[in-house]
Participant: 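Quick one: the structure is below, questions incoming.
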Amino acid sequence: DLLLAVEIISSSSRTYDHVFKRQLYADAGVPFLVLVDPANDPISAVSYELDGAEYLESARSNGGALTLTRPFAVTVDLAGAGG
């Protein structure tokens with residue numbers, strides 16, 4: 001019973017992470033997915049919520065921070081996470 005999956009996009013598997021893994025999580029019924037892209041400056045992230053069989057974007061990072069209201073309220077400092 002996974003509520004939220006977070007994937008760190010790898011430069012060697014960008015397409016796999018964006019397309020294939022995203023579809024695997026959707027097929028498994030994982031309600032929330034966050035994709036973090038450390039290659040961007042500042043680090044970026046997009047949150048998705050499962051709507052039927054596909055994910056719809058629900059939040060996007062701004063200025064190095066990602067703020068979620070669902071599945072719980074949290075703000076993640078992505079710049080601090082990158083070291």
Side-chain angles (χ1 to χ4, degrees):
D1 293 337
L2 185 61
L3 176 64
L4 169 69
V6 178
E7 280 289 333
I8 309 299
I9 303 300
S10 170
S11 60
S12 64
S13 61
R14 293 185 74 73
T15 301
Y16 182 79
D17 293 339
H18 275 285
V19 179
F20 188 66
K21 280 189 175 179
R22 185 171 153 168
Q23 188 59 52
L24 288 175
Y25 285 123
D27 290 347
V30 177
F32 297 92
L33 172 64
V34 175
L35 296 178
V36 179
D37 194 341
N40 293 328
D41 187 22
I43 295 172
S44 65
V46 179
S47 176
Y48 300 92
E49 188 168 346
L50 192 60
D51 181 29
E54 66 182 12
Y55 284 109
L56 299 179
E57 185 176 315
S58 58
R60 181 174 289 270
S61 62
N62 184 10
L66 176 66
T67 300
L68 302 178
T69 56
R70 294 177 40 87
F72 42 79
V74 65
T75 297
V76 178
D77 177 6
L78 300 165

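These values consider heavy atoms only, across backbone and side chains, with no hydrogens, waters or symmetry-generated copies.
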Participant: Does the structure place the NZ or CZ of Arg22 under 6.0 Å from the centre of the six-membered ring of Tyr55, at an angle of no more than 45° from the ring's axis?
Facilitator: no
Participant: Do Val36 and Tyr48 share a hydrophobic cluster (ILVMFWY, side-chain heavy atoms under 4.5 Å, transitive)?
Facilitator: no
Participant: In the single-linkage hydrophobic clustering (I, L, V, M, F, W, Y; side-chain heavy atoms under 4.5 Å), do Val30 and Phe32 co-cluster?
Facilitator: no
Participant: When hydrophobic residues are tied together by side-chain contacts of less than 4.5 Å, even through go-betweens, does Leu56 share a cluster with Tyr25?
Facilitator: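 No, because Leu56 and Tyr25 fall into different hydrophobic clusters, even though each may have its own neighbours under 4.5 Å.
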Participant: Got a second to check how far Leu3's CG is from Leu33's CG, nearest 0.5 Å?
Facilitator: 11.5 Å
Participant: Does Leu35 reach the side chain of Asp17, with side-chain heavy atoms less than 4.5 Å apart?
Facilitator: no
Participant: Quick one, Leu78 and Pro42 - any side-chain contact, counting heavy atoms below 4.5 Å?
Facilitator: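 They are not in contact (no side-chain heavy atoms under 4.5 Å apart), so the answer is no.
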Participant: What pair of heavy atoms forms the shortest contact from Leu2 to Ala5, and how long is it?
Facilitator: CD2-CB, 4.1 Å
Participant: Please determine whether residues Val6 and Leu66 belong to a single hydrophobic cluster, defined as Ile, Leu, Val, Met, Phe, Trp and Tyr linked transitively by side-chain heavy-atom distances below 4.5 Å.
Facilitator: yes
Participant: Between the side chain of Ser61 and the main-chain N/O of Ala45, is any donor-acceptor distance below 3.5 Å?
Facilitator: yes
Participant: Verify side chain to side chain contact (heavy atoms under 4.5 Å, CB included) between Arg60 and Val46, making sure each step is shown before the conclusion.
Facilitator: CA-CA 4 Å; Arg60 181 174 289 270; Val46 179; 3.6 Å; yes
Participant: Is it true that Val34 and Val76 fall in one hydrophobic cluster, defined by side-chain heavy atoms closer than 4.5 Å?
Facilitator: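 Shared cluster, yes.
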Participant: With heavy-atom distances below 4.5 Å as the criterion, would you say the side chains of Phe72 and Leu4 are in contact?
Facilitator: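 Yes; the side chains approach each other to less than 4.5 Å.
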Participant: Whether the side chain of Ser47 engages the backbone of Ser58 through a donor-acceptor N/O pair (distance < 3.5 Å, no angle test) should be reported.
Facilitator: no
Participant: When you look at CG of Asn40, are more than 12 heavy atoms from neighbouring residues, nucleotides or ligands closer to it than 6.0 Å?
Facilitator: yes
Participant: Which value, rounded to the nearest 0.5 Å, describes the distance between Glu49 atom CD and Leu68 atom CG?
Facilitator: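 Separation between the atoms: 10.5 Å.
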